[in-house]
There are 2 protein chains.
Amino acid sequence: MNKKAQDRSEASDSVTIRSVAKLAKVSIATVSRFLNQNGYVGADSALRIRSAMDELDYVPNTSARNLASSKTWTIGLLLEHIAGDFFTPLFKGIEAEASEAGYSLVTVSTAPWKDLGAKNPPLGPHNTDGILVFADGLPEAWAERWNQSGFPMVFIQQEPPAGSSLPSVHVENTQAVREAVRHLIEAHGRRRIAFLRGQIGQKDSGEREAGYEAAIAEAGLELLPELMLEGGFDTEIACASVGAALEAGLAFDAICAADDDSAIGALRAMRERGIRVPEDVSLIGFDDQEYCTLVDPSLSTIRAPTEAVARAATRALLALFRGEEPKGRVVLPSEVICRRSCGCSKR
Amino acid sequence: MNKKAQDRSEASDSVTIRSVAKLAKVSIATVSRFLNQNGYVGADSALRIRSAMDELDYVPNTSARNLASSKTWTIGLLLEHIAGDFFTPLFKGIEAEASEAGYSLVTVSTAPWKDLGAKNPPLGPHNTDGILVFADGLPEAWAERWNQSGFPMVFIQQEPPAGSSLPSVHVENTQAVREAVRHLIEAHGRRRIAFLRGQIGQKDSGEREAGYEAAIAEAGLELLPELMLEGGFDTEIACASVGAALEAGLAFDAICAADDDSAIGALRAMRERGIRVPEDVSLIGFDDQEYCTLVDPSLSTIRAPTEAVARAATRALLALFRGEEPKGRVVLPSEVICRRSCGCSKR
DNA sequence: TTGAAAGCGCTAACAT
DNA sequence: ATGTTAGCGCTTTCAA
């Protein structure tokens with residue numbers, strides 16, 4: 001092992017801005033200026049500094065940097081659970097925007113923390129420059145407190161604390177369902193359209209239902225209570241509920257489901273009874289899960305712009321960092337995707 | 001706004017160990033000892049410190065702490081892309097283990113970094129205590145260099161650098177497929193079992209194929225080249241390939257697919273030609289995607305223990321932190337899941 | 001059981 | 001264009 005290699009293996013931690021300064025024959029201030037591309041650095045100094053850094057495999061110590069500058073260059077993501085179809089696109093979008101802007105992303109699932117009743121949130125002003133809060137990732141009380149102190153926060157699928165002007169980013173439900181139901185009516189001539197509810201009291205569920213009702217009213221159709229079926233965001237529940245309705249003699253020519261899972265349940269119930277989709281009944285779901293293109297017939301659905309929401313939220317946080325005025329509430333449109341089950345394409 | 005509330009809103013950053021020390025009438029050293037539960041602290045001092053902390057809403061500054069102790073209490077996760085079905089369970093497992101042990105988790109998708117040809121990895125000894133590397137998340141060269149310097153690393157679905165004794169955790173492919181194929185033979189009496197390949201050269205793909213071959217050999221059956229079909233880990237490709245085989249008159253009584261997507265393609269190809277699954281042909285996939293229970297017939301498959309792998313890897317890293325001897329290579333077994341498509345259950 | 005004080009590695013005035 | 005120096009908030013000897 002030669003001298004240089006030996007230096008290396010000991011190095012990593014022990015190579016500081018001082019070693020670089022000494023080797024480059026400048027002061028540590030100049031090295032710092034070079035590092036941060038601020039202040040003036042002579043061309044020759046710059047050259048020597050650069051090669052000294054290479055020579056020593058110098059990497060600035062993050063903690064020291066953060067402490068001195070009182071910036072952490074870290075964005076926190078708080079969410080209750082790490083689960084579900086949305087998680088990957090959400091995370092992907094946040095990570096991409098954050099790292100492009102030079103920020104690290106630290107993520108904490110807060111359910112365990114809530115259970116433990118720990119005093120301080122795992123992520124906050126002490127270790128991040130700002131946080132992204134997904135759904136119920138952070139108790140109101142903390143959001144309010146931090147809002148008071150001006151700590152940058154952006155909320156995703158959650159309303160900011162009352163009276164705050166902090167940004168929040170949401171997925172659009174109502175208009176998308178309204179459009180989908182209108183499509184069923186106008187493009188496929190459906191008139192008796194059943195709605196497969198999600199969970200009562202759940203926000204998305206209610207908004208989607210509202211979209212259904214709006215489209216029905218808009219088309220001059222009657223809103224029939226018997227056409228509101230239980231779906232429970234669940235395949236089995238939906239299958240049973242649609243099955244029962246069918247057995248009871250309920251007639252419909254389309255089903256708009258509150259999510260894809262329940263749409264699959266409806267599909268099964270109908271297939272078991274010889275009802276053809278989409279020939280006899282049009283079917284549309286919500287979520288655009290991966291399996292939508294794989295089932296037979298492929299499932300028409302509505303796609304929430306999860307990754308776009310994630311990127312928008314992250315950008316809003318970065319804007320907060322820059323001191324820009326908060327953008328307020330943003331709602332991103334969901335997209336109706338026509339496949340075979342509504343009657344559109346062949347496959 | 002009363003005095004206390006005002007203190008609060010200014011607080012957050014400005015409340016330091018000093019404020020606490022002053023209010024509690026002790027030195028900062030004592031506060032620090034109390035904070036870290038090391039060294040001696042008198043009962044009365046402890047009491048005063050505790051209430052001073054509460055009073056001031058004190059939260060220790062992470063950067064300062066890290067700098068002084070040269071620990072970051074941070075685990076890094078490096079992966080090439082944030083995508084795929086495995087990501088959520090992988091991440092969930094890592095986050096759970098890390099935060100339980102008091103570590104933060106910072107995640108970086110390294111594809112952009114590789115593209116940019118940036119000099120230093122975004123995560124390393126300068127900002128983490130150790131890293132988890134998933135698949136091709138980190139170029140060999142860096143793994144080797146850091147291995148030399150003793151930086152704690154654990155590899156997931158990737159071999160550690162040659163000559164290192166660093167831990168790696170993998171998912172078992174071969175035995176699981178072998179078992180599945182044996183099941184097709186022994187439980188369902190199948191004799192002409194086709195294999196739907198993944199991608200040639202791909203590691204998982206090769207291992208799964210090896211499992212198929214082992215089971216065939218073991219059962220005293222002949223390994224027929226014509227039964228090796230192209231699947232490409234893709235529904236369309238598999239559908240076309242199985243369709244073509246069928247048109248060409250190929251006969252088989254079972255298909256073992258390298259993944260669920262291609263199994264779905266096979267299912268479609270057979271259904272289009274009136275071949276019943278599982279009555280005429282048994283079918284089994286790999287991955288246990290969410291849709292396996294939703295398709296009709298439900299898809300028998302093999303489930304990789306992704307979350308368990310994540311937890312094992314994280315625990316191995318924590319063990320490295322403690323200075324324990326590296327555990328070496330660990331392979332976690334995958335599980336055969338019988339549903340209807342192989343001929344087992346009713347639904 | 002406690003306090004004083006010397007850093008940890010860096011940034012950012014300030015001076016030159 | 002560059003160097004000197006005073007911190008950033010905490011941990012950790014070392015004395016007392």
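A, B, ... follow the sequence lines: proteins, then strands. Residue 1 opens every chain. We use all heavy atoms of the structure for the numbers below, so side chains are in, but hydrogens, waters and symmetry mates are not.
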For [X] and [N], what is the distance between atoms [atom1] and [atom2] respectively, to the nearest whole Å?
| X | N | atom1 | atom2 | value |
| --- | --- | --- | --- | --- |
| A:Tyr58 | C:dG9 | OH | P | 10 Å |
| A:Leu56 | C:dG9 | CG | P | 14 Å |
| A:Lys25 | D:dT2 | NZ | C1' | 16 Å |
| B:Asn38 | C:dT1 | CG | C1' | 13 Å |
| B:Trp73 | D:dC10 | CH2 | C1' | 15 Å |
| A:Ile28 | D:dC8 | CD1 | C1' | 14 Å |
| B:Arg48 | C:dT1 | CZ | P | 14 Å |
| A:Gln37 | C:dA12 | CD | P | 14 Å |

Heavy atoms of A:Asn61 and B:Leu67 approach each other most closely as OD1-CD1, 4.5 Å
Closest non-hydrogen contact found for A:Lys327 with A:Ala316 is NZ-CA, 4.2 Å
Side-chain N,O ([X]) to OP1/OP2 ([N]) below 4.0 Å:
| X | N | value |
| --- | --- | --- |
| A:Arg65 | C:dG9 | no |
| A:Ser32 | C:dT11 | yes |
| A:Thr16 | C:dG9 | no |
| A:Arg33 | C:dT11 | no |
| A:Ser45 | D:dT2 | yes |
| B:Tyr40 | C:dG3 | no |

Exercise. May I ask you to test the A:Val106-B:Thr74 pair for a side-chain heavy-atom distance under 4.5 Å?
Key: no
Result for 5'-nearest mapping on DNA chain C, choosing between B:Ala68 and B:Val41, is B:Val41
Note: for A:Leu35 and B:Ala64 on DNA chain C, the residue whose nearest nucleotide lies more 5' is B:Ala64
Quiz item: Does B:Asp57 come within less than 4.0 Å of A:Arg145, counting only side-chain N to carboxylate O?
Solution: yes
- Query: Would you call the rings of A:Phe87 and B:Phe91 parallel, tilted or perpendicular, where under 30° means parallel and over 60° means perpendicular?
  - Reply: tilted
Describe the nucleic acid contact of [X] in one word from base, sugar-phosphate, nothing, applying a heavy-atom distance below 4.0 Å.
| X | result |
| --- | --- |
| A:Asn36 | sugar-phosphate |
| B:Thr30 | sugar-phosphate |
| A:Phe34 | nothing |
| A:Val26 | sugar-phosphate |

The answer to which of B:Ser63 and B:Ala29 contacts DNA chain D further toward the 5' end, by nearest nucleotide, is B:Ser63
Applying ring pair (Phe, Tyr, Trp, His ring centres under 6.0 Å) to B:Phe134 and not counting sequence neighbours gives B:Phe86
Taking D:dT11, C:dC10, C:dT1 as options, the one with an atom nearest any side-chain atom of A:Arg18 is C:dC10
Which of C:dA13, D:dT11, C:dG9 is nearest the side chain of A:Leu67? It is C:dG9
